[in-house]
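Computation of the quantities below employed the complete heavy-atom set of this structure, encompassing side-chain atoms and omitting hydrogens, waters and symmetry-equivalent molecules. Here the structure is a predicted model, which is why all the values come from computation and not from measurement.
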Amino acid sequence: MADSRGGPLVLGIETSCDETGVGIVRGHTLLADAVASSVDEHARFGGVVPEVASRAHLEAMVPTIQRALKDAGVAASDLDGIAVTAGPGLAGALLVGVSAAKAYAYALGKPLYGVNHLASHICVDQLEHGPLPEPTMALLVSGGHSSLLLAPDITSDVRPLGSTIDDAAGEAFDKIARVLNLGFPGGPVIDRYAREGNPDAIRFPRGLTGPRDPAYDFSFSGLKTAVARWIEAKRAAGEEVPVADVSASFQEAVVDVLTRKAVRACKDNGVDHLMIGGGVAANSRLRAMAQRRCEDAGITLRVPRPKLCTDNGAMVAALGAEMVARGRAASAWDLSADSSLPVTEPHVPAEPAEDDGHHDHGHSHSHSHSHSHDHVHELSKQNLYQ
């Protein structure tokens, strides 16, 4: 049973992209956050290579779990459950984490919880600022996602208000960094250069901010193209590209749109708290502008510390612990990785008729979305690379 003094003790495994994350949480208290990153192995390719990521997860999984247990000072047998990112993410990478979680949960006789990557990014804030207000408005910005989400209940009710229609914010940072020859990943290095630049030096476009545009959707493809063309024109004219000013002006355009739409979503929906998560939430300018605009609007801003914004196992453990605390159904043993798991499914439970809360969960589970995601190993190579 869970420790009544501090809530459920849950281990979380995150392998949706290039970080092997293992976290251990008791209730809302973080006990361990072990991460093994393969980012250096992808840097020479200018982006994440799915096969390289999957192999790195395989190699890092057991040592990272052992390190987390040691850091937390707990034994695996003490755990109340195992949580794992079931999606969305890279299919092969997810499959490594899901397989490991199944093996540990089955061997230890613990319930298994397949949880949603995006919902986990929201729930991690409980480890820093306590229980989430209900509802919570969340702006999630990363290399793969730019989303505005309304979460009345993080374990069962997450509603998408808007998302990117093309490039995610983090993806745009990576692409502009590549054009500027700054390396990969682009977010941290552009943030660094931008501090020395003038954000008003170049007026880059703000996508989907017109009166007839979707209020909560994002588009960064046009911005990315505009910045790339500006840089190319400078080089063609034989002029030096002012890297700091370009970085600051590009970053300002991204952050302006993100914060403007997030504050509008809060006002429109009568929500007085805004949570920002995902890797781009580590950006210093995003944090500063969000703080100012939220204060002006009477909105309380919650942003986890930068290490908890990027992909990590702590966020998965946090959501898993909340699932246990609220008595949500565990997942079935045939849980499969789903590279496009919708955020409307915070977790993947077994069918109610077949769930007894422990080992013998049924061998099927139903989902409301139309695409099939049983047996990820049968996905074609084309799907794997999308």
May I ask you to decide whether Arg55 forms a salt bridge with Glu51, counting only side-chain N to carboxylate O separations under 4.0 Å? no

Interatomic distance, CD@Glu252 vs CZ@Arg203, rounded to 0.5 Å, equals 9.0 Å

Looking only at heavy atoms, the pair that brings Ile154 and Leu319 closest together is O-CD1, 3.9 Å

Salt bridge check, Arg195 against Asp191: does any charged N sit closer than 4.0 Å to a carboxylate O? yes

Could you check whether any side-chain N or O of Asp80 sits under 3.5 Å from a backbone N or O of Pro8, counting only pairs where one atom can act as donor and the other as acceptor? no

Sub-4.5 Å side-chain heavy-atom contact between Pro133 and Thr136: yes

Within one Ile-Leu-Val-Met-Phe-Trp-Tyr cluster: Val22 and Leu9, side-chain cutoff 4.5 Å: yes

Ignoring hydrogens and geometry beyond distance, is a side-chain donor-acceptor pair present between His57 and Thr15 at under 3.5 Å? no

Hey, are the side chains of Leu335 and Val98 touching, using non-hydrogen atoms and a 4.5 Å cut-off? yes

Pick one: which of Leu139, Leu140, Leu258 meets side-chain contact (heavy atoms from CB on, under 4.5 Å) with Ile276? Leu139

Do Ile13 and Thr64 come close enough that some side-chain heavy atom pair is under 4.5 Å? no

Locate the shortest heavy-atom distance separating Pro88 from His145; write the atom from each residue and the value. CG-CE1, 3.9 Å

Would a distance-only check, ignoring hydrogens and angles, find a side-chain to backbone donor-acceptor pair under 3.5 Å from Arg302 to Gly130? yes

Minimal heavy-atom distance between Asp245 and Gly197, with the atoms involved, is OD1-CA, 3.4 Å

Looking just at side-chain N and O atoms, do Asn283 and Gln251 make a donor-acceptor pair shorter than 3.5 Å? yes

Residues Asp268, Lys261: salt bridge by 4.0 Å N-O rule: no

Non-hydrogen atoms of Ala281 and Cys309 that approach each other most closely: CB-SG, 3.6 Å

Under a 4.5 Å side-chain heavy-atom rule over Ile, Leu, Val, Met, Phe, Trp and Tyr, are Leu79 and Tyr106 clustered together? yes

Are the side chain of Ser99 and the backbone of Val96 linked by a donor-acceptor contact shorter than 3.5 Å? no

N/O donor-acceptor pair under 3.5 Å between Asp174 side chain and Glu171 backbone: no

Is there a continuous path of hydrophobic side-chain contacts, each under 4.5 Å between heavy atoms, that joins Val189 to Val254? yes

Quick one: do Ile299 and His273 satisfy side-chain contact (heavy atoms from CB on, under 4.5 Å)? Show the steps, please. CA-CA 5 Å; Ile299 296 166; His273 282 72; 5.6 Å; no

If two hydrophobic side chains count as joined below 4.5 Å and joins carry through other members, does Tyr104 share a cluster with Val35? no

Under 3.5 Å, is there a donor on one side chain and an acceptor on the other for Asp166 and Ser219? yes

Audit row: His347, Asn116, side-chain contact (heavy atoms from CB on, under 4.5 Å) steps and yes/no: CA-CA 6 Å; His347 87 305; Asn116 191 292; over 6 Å; no

Counting C-beta onward and ignoring hydrogens, is there a side-chain heavy-atom pair between Glu134 and Pro152 closer than 4.5 Å? no

OG on Ser339 to CG on Leu90, rounded to 0.5 Å: 8.5 Å

Side chains of Asp217 and Asp213: does their closest heavy-atom pair fall under 4.5 Å? no

Gln291 atom CD, neighbour heavy-atom count above 12 within 6.0 Å: yes

Pro205 and Ala253 have their tightest heavy-atom pair at O-CB, 4.0 Å

Same hydrophobic cluster for Val303 and Leu118, using side-chain heavy-atom links shorter than 4.5 Å among ILVMFWY? no

Looking at Pro135, Pro160, Ser163, which hits side-chain contact (heavy atoms from CB on, under 4.5 Å) with Leu149? Pro160

So, the side chain of Lys224 versus the backbone of Lys175: is there a donor-acceptor pair under 3.5 Å, distance only? no

Using 0.5 Å steps for rounding, measure from the CD1 atom of Ile65 to the CD1 atom of Ile82. 7.5 Å

Side chains of His117 and Met315, heavy atoms from C-beta outward: is any pair under 4.5 Å? yes

Kindly check if the number of other-residue, nucleotide or ligand heavy atoms within 6.0 Å of CZ (Arg229) is above 12? no

When Trp230, Phe173, Phe204 are each screened for ring-ring contact (aromatic ring centres under 6.0 Å, His included) with Phe250, the one that passes is Phe173

Using side-chain contact (heavy atoms from CB on, under 4.5 Å), reason through Leu341 and Val348 one step at a time and then give a plain yes or no. CA-CA 9 Å; Leu341 183 69; Val348 185; 4.1 Å; yes

When rounded to the nearest 0.5 angstrom, what is the spacing between CD1 in Ile176 and CZ in Arg178? 10.0 Å

Is a donor on one side and an acceptor on the other found under 3.5 Å between the side chain of Ser54 and the backbone of Ala93? yes

In Å and rounded to the nearest 0.5 Å, what is the OG to OH distance from Ser331 to Tyr113? 8.5 Å

Between the CG atom in Asp33 and the CD1 atom in Ile24, the distance rounded to the nearest 0.5 Å is 10.0 Å

Just wondering, do Leu69 and Val74 contact through their side chains at under 4.5 Å, heavy atoms? yes

Residues Pro185 and Pro188: closest non-hydrogen pair is O-CD, 3.9 Å

Checking side-chain contact (heavy atoms from CB on, under 4.5 Å) for the pair Val115/Val84: CA distance, chi angles, key distance, verdict? CA-CA 6 Å; Val115 301; Val84 62; over 6 Å; no

Looking at Arg326 and Glu322, is there a salt bridge between them, counting it only when a charged N and a carboxylate O are closer than 4.0 Å? yes

Classify the ring geometry of Phe218 against Phe220: parallel below 30°, tilted from 30° to 60°, perpendicular beyond 60°. parallel

Salt bridge check: are Glu240 and Lys234 linked by an N-O gap of less than 4.0 Å? no

Measure from the side-chain N and O atoms of Asp157 to the backbone N and O of Asp153, and report whether any donor-acceptor pair falls under 3.5 Å. no

Looking only at atom types and distance, does a side-chain atom of Ser146 sit under 3.5 Å from a main-chain N or O of Ala169, one as donor and one as acceptor? yes

Expected output: side-chain Asn269 to main-chain Val271 donor-acceptor under 3.5 Å: no

Any side-chain heavy-atom pair of Val158 and Thr344 under 4.5 Å: no

Closer than 3.5 angstrom, by distance alone: can the side chain of Glu14 be matched with the main-chain N or O of Ser16 as a donor-acceptor pair? yes

